[in-house]
Amino acid sequence: KHLINRHLDEFIEAEFKERWTKHFLLASQSSGKNACELPFRHEAGKIVYLHLDCMTFDAVDAPPQMRITLTDITELKNAEHELRIAAAAFGYSPKEVIGKTTDLLRSEKHDPSFYEAIWTRVDQEGFWEGEIWEKHKSGRLFPMRVVLNVVKDNHGQITHYVGAFSDVTERERAETELRIAAAAFETQEGILIADANKKVVRANTAFSDITGYSPEEAVTLSLLDSKR
């Protein structure tokens, strides 16, 4: 009821109205099926991407009419966007990865059974999330946070797999440095950590053993007397 007696271009984003007008004129002058893809403004306010199949036909005792079949391809468009991001992360252009399998990105860090278990879960549950060591185009190995989802048609059949990738190299490096720092902190030497105001924020066990101050008492200290 929200569509009757309204023009379709009311729902098309402004920057794409001209494209729709040209496509409409072409479809109205053609006897075959004409297709295009356009972003539409959903009633809820969000943007969805639709595939339009347009076909003009002669109506009985009426002017020619046009049948427009709409298919929601938002998930596919999102997948293409993620693919471009992932391709950049791996050092490939989209053209280099389209048509290839994900084997292109596999590192030697995981055996085949690891990947088989992932895809089995994706097919059974429709989702998988975790970290994988992948291979950059240059051959460099690096950790990636991966989220895999399936896209199904109206019959429940899987039509696409959507993967979102994020490089966690810096996070892994930071965590490694923290582990190293933590190990270094627990030495036989007394260690204090102070903030920019020279206020002690942490002391190790060795400091307590040497000075007699407990860790709780140590954080009340300053490295220098405030009067100096």
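Scope of the values below: all heavy atoms of this structure, side chains included, with no hydrogens, waters or symmetry mates.
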What about [X] and [Y], same hydrophobic cluster or not, with Ile/Leu/Val/Met/Phe/Trp/Tyr joined at side-chain heavy-atom distances under 4.5 Å?
| X | Y | value |
| --- | --- | --- |
| Leu50 | Leu26 | no |
| Phe24 | Met55 | no |
| Met144 | Trp119 | yes |
| Leu148 | Val168 | no |

Whether [X] side chain and [Y] backbone form a donor-acceptor pair below 3.5 Å:
| X | Y | value |
| --- | --- | --- |
| Thr56 | Ala27 | yes |
| Arg19 | Glu37 | yes |
| Ser107 | Trp133 | yes |

> In the hydrophobic clustering (ILVMFWY, side-chain contacts below 4.5 Å, transitive), which residues join Phe127, or is it alone?
Replying inline: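 Members other than Phe127 - counting any ILVMFWY side chain reachable under 4.5 Å - are Val147.
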Point-to-point distance, once rounded to the nearest 0.5 Å, from [atom1] of [X] to [atom2] of [Y]:
| X | Y | atom1 | atom2 | result |
| --- | --- | --- | --- | --- |
| Asp53 | Leu70 | CG | CG | 9.0 Å |
| Thr169 | His136 | OG1 | NE2 | 9.5 Å |
| Ile73 | Leu38 | CD1 | CG | 9.0 Å |
| Gln157 | Thr159 | CD | OG1 | 10.0 Å |

> For the residue pair Tyr213 and Phe207, does the interplanar ring angle fall in the parallel (under 30°), tilted (30 to 60°) or perpendicular (over 60°) class?
Replying inline: parallel
> Parallel, tilted or perpendicular: which fits the ring planes of His110 and Phe114, with parallel below 30° and perpendicular above 60°?
Replying inline: parallel
>> As a quick check of understanding, evaluate side chain to side chain contact (heavy atoms under 4.5 Å, CB included) for Trp128 and Thr120, giving each step before the final call.
In response: CA-CA 10 Å; Trp128 183 86; Thr120 296; over 6 Å; no
With a cut-off of 6.0 Å (strictly less than), are more than 12 heavy atoms of other residues, nucleotides or ligands near [atom1] of [X]?
| X | atom1 | value |
| --- | --- | --- |
| Glu96 | CD | yes |
| Phe16 | CZ | yes |
| Lys152 | NZ | no |

> What closest approach, in Å, do Trp20 and Ile12 show between heavy atoms, and which atom pair accounts for it?
Replying inline: CG-CD1, 3.3 Å
> What are the two closest non-hydrogen atoms of Cys36 and His23, and how far apart are they?
Replying inline: SG-CD2, 3.5 Å
> Can you list the residues that meet the ring-ring contact (aromatic ring centres under 6.0 Å, His included) rule with His160, with sequence neighbours excluded?
Replying inline: none
Would a 4.5 Å heavy-atom cut-off, applied to side chains only, mark [X] and [Y] as touching?
| X | Y | result |
| --- | --- | --- |
| Phe40 | Asp72 | no |
| Arg106 | Asp103 | yes |
| Glu108 | Lys135 | yes |
| Leu105 | Ile132 | no |

> Is the shortest side-chain N to carboxylate O distance from Glu129 to Arg145 below 4.0 Å?
Replying inline: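 Arg145 and Glu129: salt-bridged.
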